[in-house]
Amino acid sequence: MAESIEYLPNILAGAVLTVELTLLGSLIAGVVAFTVAFARLSNSAWLRIPARAIMEFFRGTSIFVQLFWAYFVLPLFGISFTPFQAGVTVLGLNGGAYMSEIVRGAMLALPREQFEACIALNFSPWQRLGYVLLPQALRLMILPFSNSVVELMKATAIVSLISLSDMTFRAQTVRTQTGDGALPFLTILSVYFVLAITVSTLLRRVELRLTPNSVRGT
């Protein structure tokens, strides 16, 4: 164990890549989630059907296989990604597929009277969405979004399979070199836990900021 302690700074340096993958993957997932969800809520079948197909595909297939496809198979069709680009893209698309159901569910959970009132006031579709519906729906999305971002953060470990040097890859390398698996993997367990708590706390604060004072007190 004493020998593996010398490698701890190297393992912790991999946490930077984990944070980068989490941030960029979550950003793409958010864009995908809102795009797919609003397409599925559309009255047009030309939008609803492809959006549902995208959602079902990325939820219904393994993220491991998706990563291997992005990195090893797509180059056969002339589309090449670096390991980092493949990791971020797959994390974003996979996470976005799950998060799109959160967005759709939050929009559908709004009282029907809200829609009818907007129509009665002659609001345009964009005014309904921006001023009335989305601010209320966002509050409903934050908590499940927090869970999804934590799941996405934990899923970043898969990039070690395509030789990206994240924490898991470095811990595995140290285990191979020193024969000690306890300290390296205890270290990355602790880092993942701290990152998860940080994400949950930040999004909880966002949720509280979006919650009216009258509701917080209930």
Side-chain angles (χ1 to χ4, degrees), residues 5 8-38 55 58-59 63 67 84 87-110 129-160 164-172 182-218:
I5 292 177
L8 285 184
N10 185 43
I11 295 174
L12 293 175
V16 176
L17 179 61
T18 300
V19 172
E20 290 175 347
L21 289 166
T22 302
L23 290 176
L24 293 176
S26 298
L27 183 62
I28 293 176
V31 173
V32 171
F34 279 94
T35 303
V36 171
F38 283 115
M55 185 274 293
F58 282 101
R59 287 203 323 167
I63 191 171
L67 183 67
F84 183 79
V88 168
T89 301
V90 169
L91 287 168
L93 291 173
N94 187 274
Y98 285 95
M99 292 164 75
S100 69
E101 286 298 89
I102 296 172
V103 176
R104 195 172 74 93
M107 295 300 296
L108 293 175
L110 296 178
L129 187 65
Y131 295 136
V132 180
L133 304 177
L134 195 54
Q136 298 178 72
L138 277 176
R139 185 162 54 85
L140 302 176
M141 297 175 199
I142 295 300
L143 184 58
F145 267 6
S146 172
N147 294 333
S148 294
V149 172
V150 170
E151 288 299 320
L152 188 148
M153 183 270 295
K154 291 187 288 187
T156 59
I158 63 169
V159 300
S160 62
L164 264 183
S165 187
D166 74 325
M167 288 190 300
T168 304
F169 182 87
R170 295 180 186 221
Q172 176 65 12
L183 186 59
F185 288 112
L186 177 62
T187 301
I188 64 173
L189 273 179
S190 302
V191 174
Y192 279 124
F193 180 72
V194 170
L195 291 176
I197 292 295
T198 303
V199 169
S200 300
T201 302
L202 289 176
L203 289 179
R204 176 61 180 161
R205 289 186 178 182
V206 174
E207 183 188 26
L208 288 174
R209 187 173 289 274
L210 293 174
T211 303
N213 291 331
S214 58
V215 177
R216 288 184 206 175
T218 60

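The residues of the chain are indexed from 1 along the displayed sequence.
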Original post:
Do other residues, nucleotides or ligands put more than 12 heavy atoms under 6.0 Å from the CZ atom of Arg59?
Top reply: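 Yes, enclosed.
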Identify the two heavy atoms, one from [X] and one from [Y], that lie closest to each other, and give their separation to 0.1 Å.
| X | Y | result |
| --- | --- | --- |
| Val149 | Ser26 | CG1-OG, 3.7 Å |
| Ile102 | Ser148 | CD1-OG, 3.4 Å |
| Leu140 | Ala106 | CD1-O, 3.9 Å |
| Ala29 | Gly95 | CB-C, 3.9 Å |
| Met167 | Ile11 | CG-O, 3.6 Å |
| Ser146 | Ser200 | OG-CA, 3.6 Å |

Would a 4.5 Å heavy-atom cut-off, applied to side chains only, mark [X] and [Y] as touching?
| X | Y | value |
| --- | --- | --- |
| Val103 | Met141 | yes |
| Ile63 | Leu91 | yes |
| Leu129 | Met107 | yes |
| Leu134 | Phe34 | yes |
| Tyr192 | Thr18 | yes |
| Val88 | Phe84 | yes |

Original post:
Does any N or O in the side chain of Asp166 come within less than 3.5 Å of the main-chain N or O of Gly14, such that one atom is a donor and the other an acceptor?
Top reply: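 Here the side-chain-to-backbone pair does not exist.
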Original post:
Donor-acceptor pair, Arg170 side chain versus Ser165 backbone, under 3.5 Å?
Top reply: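 Flag set: sc Arg170 to bb Ser165 pair under 3.5 Å.
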Subject >> CG on Leu108 to CD on Glu101, rounded to 0.5 Å >> reply: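 Rounded to the nearest 0.5 Å, the CD-CG separation comes to 9.0 Å.
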**OP:** Report the distance from atom CG of Leu203 to atom CG of Leu208, rounding to the nearest 0.5 Å.
**Re:** 11.0 Å
**OP:** Please assess Gln172 against Phe185 for the test side chain to side chain contact (heavy atoms under 4.5 Å, CB included), listing each intermediate value before the final yes or no.
**Re:** CA-CA 8 Å; Gln172 176 65 12; Phe185 288 112; 3.5 Å; yes
